[in-house]
Amino acid sequence: MRTRQVIGEGILMRNLDAIERIVIAGGGSAGWMSAAALAASLNQNVQITLIESEAIGTVGVGEATIPPIRTFNQMLGLDEMEFVRQTQATFKLGIQFVDWGKPGDRYFHPFGPHGRAFDISNVHQHWLSCRRSGLSESFDAHSMAWNLARLDRFAPPTGDPRNVLSTFGFAFHFDAALYAKYLRAYAEARGVKRLEGKIVGVDTVPATGHVRRLRIDSGAEVPGDLFLDCTGFRGLLIGDALGVGYEDWTHWLPCDRALAVPSERLSVLPPYTRSTARTAGWQWRIPLQHRTGNGMVFCSEFLSDDEAARELLEGLDTPARGDPRLLKFTTGRRSLFWDKNVVAIGLSSGFLEPLESTSLHLIQAGITKLLALFPDKQFSALVRDEYNRIATTEFERIRDFLILHYKLVARPDQGFWERCATMEVPDSLAMKLEHFQRYGRHIAREMELFSEDSWLAVHLGQNNYPQRLDPVLELRGVDGGDWLHKLRSAMTAAARQQPTHDEFIAQHCQAAAVNG
């Protein structure tokens, strides 16, 4: 149904079914990323209210990101260097994995490709061929991102595609609480209203089951048309109020707990995240300008909380700033991400452990899908079903990539790692593994977040070498050794000419000195 309003000589058509009130339940990264994006995209034509309570803490471990976060910030029109200053951020070229293939192994998952195509056969096929002939250089050596990272150097990529310095991307490490604070100021400046309070009730419409309003402990009632559930693991709206179930994936991703602890700032800031395999899980290290983020993701069946805490603290590179904080979780996803007039964003929609820094990306992806499939008050099942289909596929693609890391472990440890190496995997991953193990090919499917280069980094970094090379390479008879040598030389020389990570930050985006 439509109505007409005459404005000057023009006619404004307004849909009476248009969403007028959006209510965001919960703050933190999920809530304020949602509020900022909606405020920026809807031009203040919708009333947006965010409810959060200072008494309810946030998870606060999502401090590492992947390159699409830059697209999100650009959508908001944020100045990149100012964003880095305001969030105590550093730059991230990828993730270094320590002891994952087997004890003593190290490899790098870079943002960007390994090398540059010079033949119809992929670069990694030429590297595999040269390796069979005695090449000792690692696959990492052909990544521009790793050549910079290993020297603790950073500068943004050049726009000249002829230059090897154009062959990498980057993301950030930042303080998630400061990011939420930064986005709160951005959102409130664009009309978002924040209400302080704890949600104590959810009222629904008996005839439809749609959420009508939220009640908070101050006695206020907050009505809305569209509700975003950003209440974390509890899923106050999507789970408690609407009864949407949860699909448990712990049989594939068995870690169910995490400990997080900040420590002192590193003396030299590495431009990468580090993940180190431990007794029954793995430990992260995330360098920020003002401190270091650390944590342990582990399986409680094989390691107690106290044992994990001791292992975490013993593995720190700088003195801890307090005691580790425990977080319990179940890896998996909601059966529906959008039900009725509620969309789950962030941890309320599901949880995939932070091994590949996807937590904040999944928030971003949820918001982006919502804007692309924005509803009216009819809340058509056609729209909801498509949103849920895409979200389910995205979660499953990322899930398979995470499982790959555990499946390819060749550690001698009994128990946890032995279980991971011998577990059955989803059919979608088993298919990819078989293709790679036979011919070194990566088979992509719809909505893959991680590209072939990412999969290759894990396969080859964890010593999963194919039985044969691609038959095309064998038929062509091309010797790529000379090209690979020139590529390595060019990357090494280019990396040495760049400023150190610390120098780049000091010159362009040094944050104010703070404690904490």
Side-chain angles (χ1 to χ4, degrees), residues 66-67 91-97 101 105-151 153-171 271-272 356 401 404 432 435-436 439-444 448-466 468-498:
I66 56 178
F91 296 90
K92 176 181 175 181
L93 295 168
I95 305 173
Q96 183 188 46
F97 288 89
D105 283 356
R106 291 179 179 236
Y107 74 92
F108 195 68
H109 171 195
F111 294 147
H114 293 82
R116 174 184 292 155
F118 63 92
D119 183 54
I120 64 171
S121 293
N122 290 344
V123 171
H124 77 279
Q125 294 282 353
H126 286 281
W127 177 81
L128 287 166
S129 177
C130 291
R131 179 180 174 274
R132 291 184 175 186
S133 300
L135 176 69
S136 60
E137 295 287 349
S138 70
F139 191 52
D140 291 342
H142 305 84
S143 159
M144 190 66 243
W146 173 239
N147 277 280
L148 289 164
R150 67 186 179 86
L151 298 176
R153 295 179 182 269
F154 177 80
T158 179
D160 182 357
R162 298 168 297 178
N163 193 320
V164 290
L165 288 171
S166 69
T167 61
F168 69 95
F170 68 91
Y272 56 89
E356 284 286 352
F401 186 56
L404 180 73
K432 291 184 177 184
H435 273 281
F436 190 83
Y439 296 109
R441 294 170 177 155
H442 172 66
I443 304 300
E448 296 272 10
L449 172 61
F450 291 101
S451 69
E452 178 182 34
D453 296 292
S454 296
W455 285 78
L456 291 174
V458 180
H459 278 299
L460 301 178
Q462 294 188 206
N463 310 303
N464 184 34
Y465 302 115
R468 291 186 55 188
L469 301 178
D470 188 329
V472 170
L473 179 65
E474 295 178 328
L475 289 172
R476 284 178 61 74
V478 174
D479 182 3
D482 185 56
W483 173 263
L484 293 179
H485 172 73
K486 291 178 180 178
L487 182 68
R488 293 191 299 271
S489 298
M491 288 182 171
T492 299
R496 288 173 176 164
Q497 294 172 3
Q498 306 312 303

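Heavy atoms only: backbone and side chains are in, while hydrogens, waters and symmetry mates are out.
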Taking the six-membered ring for Trp and the single ring otherwise, decide whether the centroids of W455 and F401 are under 6.0 Å apart.
-> yes
Salt bridge (Lys or Arg N to Asp or Glu O under 4.0 Å) involving E474 - partner list, sequence neighbours excluded = R468
R441: salt bridge (Lys or Arg N to Asp or Glu O under 4.0 Å) partners, not counting sequence neighbours | D470
Indicate yes or no: at least one non-hydrogen side-chain atom of [X] is less than 4.5 angstrom from one of [Y].
X    : Y    : answer
M491 : T167 : yes
L469 : Y439 : no
C130 : L484 : yes

Taking all non-hydrogen atoms of both residues, which atom of [X] and which atom of [Y] are closest, and how far apart?
X    : Y    : result
A494 : V164 : CB-CG2, 3.9 Å
S454 : H109 : OG-NE2, 2.7 Å
A145 : P110 : CB-CB, 3.7 Å
A171 : P67  : CB-N, 3.6 Å
P466 : L128 : CG-CD1, 3.7 Å
K432 : I443 : CE-O, 3.2 Å

Which residues pass the ring-ring contact (aromatic ring centres under 6.0 Å, His included) test with [X], sequence neighbours left out?
X    : answer
F154 : F91, F170, F504
F168 : none
F436 : H459

How many angstroms lie between atom [atom1] of [X] and atom [atom2] of [Y], to the nearest 0.5 angstrom?
X    : Y    : atom1 : atom2 : value
I95  : E356 : CD1   : CD    : 4.0 Å
Q497 : L151 : CD    : CG    : 12.0 Å
D482 : L487 : CG    : CG    : 11.0 Å
F108 : S143 : CZ    : OG    : 6.5 Å

Is there a donor-acceptor contact under 3.5 Å from the side chain of N147 to the main chain of H142?
-> no
Please answer whether the main-chain N or O of A141 pairs with a side-chain N or O of R150 as donor and acceptor at a distance below 3.5 Å.
-> no
By side chain to side chain donor-acceptor pair (under 3.5 Å), which residues pair with R496, not counting sequence neighbours?
-> none
Contacts of N163 that satisfy side chain to side chain donor-acceptor pair (under 3.5 Å) - sequence neighbours left out | none
What residues, two or more places apart in sequence or in another chain, satisfy side-chain contact (heavy atoms from CB on, under 4.5 Å) together with A444?
-> H442, E448
Of all residues at least two apart in sequence or in a different chain, which pass the side-chain contact (heavy atoms from CB on, under 4.5 Å) check with A155?
-> Q498, P499
Over 12 non-hydrogen atoms of neighbours within 6.0 angstrom of CZ in R488 = yes
So side chain to side chain donor-acceptor pair (under 3.5 Å) across residues 120-134, not counting sequence neighbours, yields D119-H126, N122-E452
Please, which pairs that meet salt bridge (Lys or Arg N to Asp or Glu O under 4.0 Å) have at least one residue in residues 154-168, sequence neighbours excluded?
-> D160-R162
Which pairs count as salt bridge (Lys or Arg N to Asp or Glu O under 4.0 Å) when at least one residue sits in residues 139-149, sequence neighbours excluded?
-> none
Could you walk me through whether L135 and E137 pass the side chain to side chain contact (heavy atoms under 4.5 Å, CB included) test, one step at a time?
-> CA-CA 6 Å; L135 176 69; E137 295 287 349; 4.0 Å; yes
